[in-house]
Amino acid sequence: MSKTTSLTVIVRQVLGPFLIGVTIYALLLGVCTVQYFTYFTAYFKDSKIIFYTVIWMAVIDVLLTVNAFAGLWYYVIEHFAEVDALEDTTWNFNLSPLFSTLTAVPVQIFLANRIRRFSNSRILFGALAALIVGTAVPAWIISVNLVRKSALTQREAAVRTAYVWLSLSVACDALLSALMIFYLWRQKTAFKRTNKIISRYVQLSIQSALPVTLCAIVILILGTTSAQTNIHYPFTLNLGRFYTLVVSTLLTLQTY
């Protein structure tokens, strides 16, 4: 394989997915920004915990977008057409799993707290919180290992840990959605209007869980079939963004 052909393959398999992922990430930031604006201008009487959680997500969204573009700048501008640079990964890239948990964990805790309110069980909330934090631990391990060994070929060592992380993430999201639906159905009364609202939230819970779950499944599949490439990166990068969209959608629906 010639040097030109090798560069073309690396650009397509490594830099191409990175560019697509960052572009989608920026577009979804626009969607989130609109939802943040709707929330902060609607003057909801939410608790301070929810209010500051939304602020946390907004700040993290902006910082992670800047971080994603910084990584893109490194490959496209500073080291344009340099094969050696493309065969290595930056800390921006290596910390992607950890960054995903910065939004995923607060969102899942938020959903667990909703379940606590419906179930009136602090024990259930504590168990869910422990499961959520435990689910994030493999992602932290992946990022730490990648930072310590940033060469692209070292990523294979993180594949098995990624399987554990994503599998636990899918299971955790499915459990949260199932519990939410179960306790919502238990709230049904003889009043048609109340039941209609509950049915709407059940439908919304299912629709909210689908993007995150499908994204994690796609990452698992692509990570298995294309472990040597970055084909999975658009989904890995945007996994945390989907969590943000779940909460911002749930909160902004209070306006209707």
Side-chain angles (χ1 to χ4, degrees), residues 20-70 72 96-118 128 132 135-136 139 169-170 172-174 176-177 179-181 183-184 196-219 233-256:
I20 294 172
V22 173
T23 302
I24 296 174
Y25 199 75
L27 291 174
L28 292 179
L29 175 64
V31 178
C32 291
T33 301
V34 172
Q35 292 181 324
Y36 291 142
F37 178 80
T38 302
Y39 178 81
F40 288 121
T41 56
Y43 303 105
F44 294 125
K45 295 181 180 179
D46 288 327
S47 65
K48 290 184 178 180
I49 294 178
I50 293 178
F51 182 77
Y52 288 124
T53 298
V54 176
I55 292 178
W56 166 267
M57 292 191 302
V59 172
I60 292 298
D61 273 347
V62 173
L63 292 178
L64 295 189
T65 302
V66 173
N67 175 73
F69 275 99
L72 189 63
S96 294
L98 185 149
F99 290 155
S100 294
T101 64
L102 293 180
T103 50
V105 171
V107 168
Q108 290 174 325
I109 293 292
F110 168 83
L111 296 176
N113 186 59
R114 284 289 178 95
I115 294 171
R116 179 195 62 80
R117 291 173 59 185
F118 289 124
L128 290 175
I132 291 166
T135 300
S169 180
V170 170
C172 185
D173 291 330
L176 289 172
S177 299
L179 288 173
M180 180 73 76
I181 293 170
Y183 285 110
L184 279 171
K196 186 177 180 180
I197 295 174
I198 291 174
S199 297
R200 182 185 179 190
Y201 272 96
V202 168
Q203 181 182 7
L204 181 62
S205 297
I206 297 173
Q207 292 174 344
S208 300
L210 278 177
V212 176
T213 302
L214 290 176
C215 185
I217 292 173
V218 169
I219 296 171
Y233 190 72
F235 301 94
T236 303
L237 178 63
N238 288 284
L239 181 61
R241 184 76 86 201
F242 285 128
Y243 280 105
T244 302
L245 288 171
V246 168
V247 168
S248 58
T249 299
L250 288 172
L251 292 175
T252 53
L253 277 177
Q254 297 177 84
T255 57
Y256 302 106

Atom [atom1] of [X] and atom [atom2] of [Y]: how far apart are they, to the nearest 0.5 Å?
{"X": "L29", "Y": "I24", "atom1": "CG", "atom2": "CD1", "result": "14.0 Å"}
{"X": "I219", "Y": "S100", "atom1": "CD1", "atom2": "OG", "result": "7.0 Å"}
{"X": "D173", "Y": "Q108", "atom1": "CG", "atom2": "CD", "result": "5.0 Å"}
{"X": "L72", "Y": "N67", "atom1": "CG", "atom2": "CG", "result": "11.5 Å"}
{"X": "L64", "Y": "Y25", "atom1": "CG", "atom2": "OH", "result": "4.0 Å"}
{"X": "F69", "Y": "T23", "atom1": "CZ", "atom2": "OG1", "result": "6.5 Å"}

Test side chain to side chain contact (heavy atoms under 4.5 Å, CB included) applied to [X] - qualifying residues, sequence neighbours left out:
{"X": "P234", "value": "P17, I20"}
{"X": "A104", "value": "Y243"}
{"X": "V105", "value": "T101, I109, I132, A136"}

#### Entry: Nearest atoms (heavy-atom pairs only) where G21 meets N238
O-ND2, 3.4 Å

## Note on the structure
On a heavy-atom basis, the closest approach of T135 and C172 is OG1-CB, 4.0 Å

Contacts table for residues 50-63: side-chain donor-acceptor under 3.5 angstrom, sequence neighbours left out:
unit_1: T53; atom_1: OG1; unit_2: I49; atom_2: O; d: 2.6
unit_1: W56; atom_1: NE1; unit_2: L102; atom_2: O; d: 2.9
unit_1: D61; atom_1: OD1; unit_2: R241; atom_2: NH1; d: 2.7
unit_1: D61; atom_1: OD2; unit_2: Y36; atom_2: OH; d: 2.7
unit_1: D61; atom_1: OD2; unit_2: R241; atom_2: NH1; d: 3.4

### Min side-chain heavy-atom separation L245-Q35 under 4.5 Å
yes

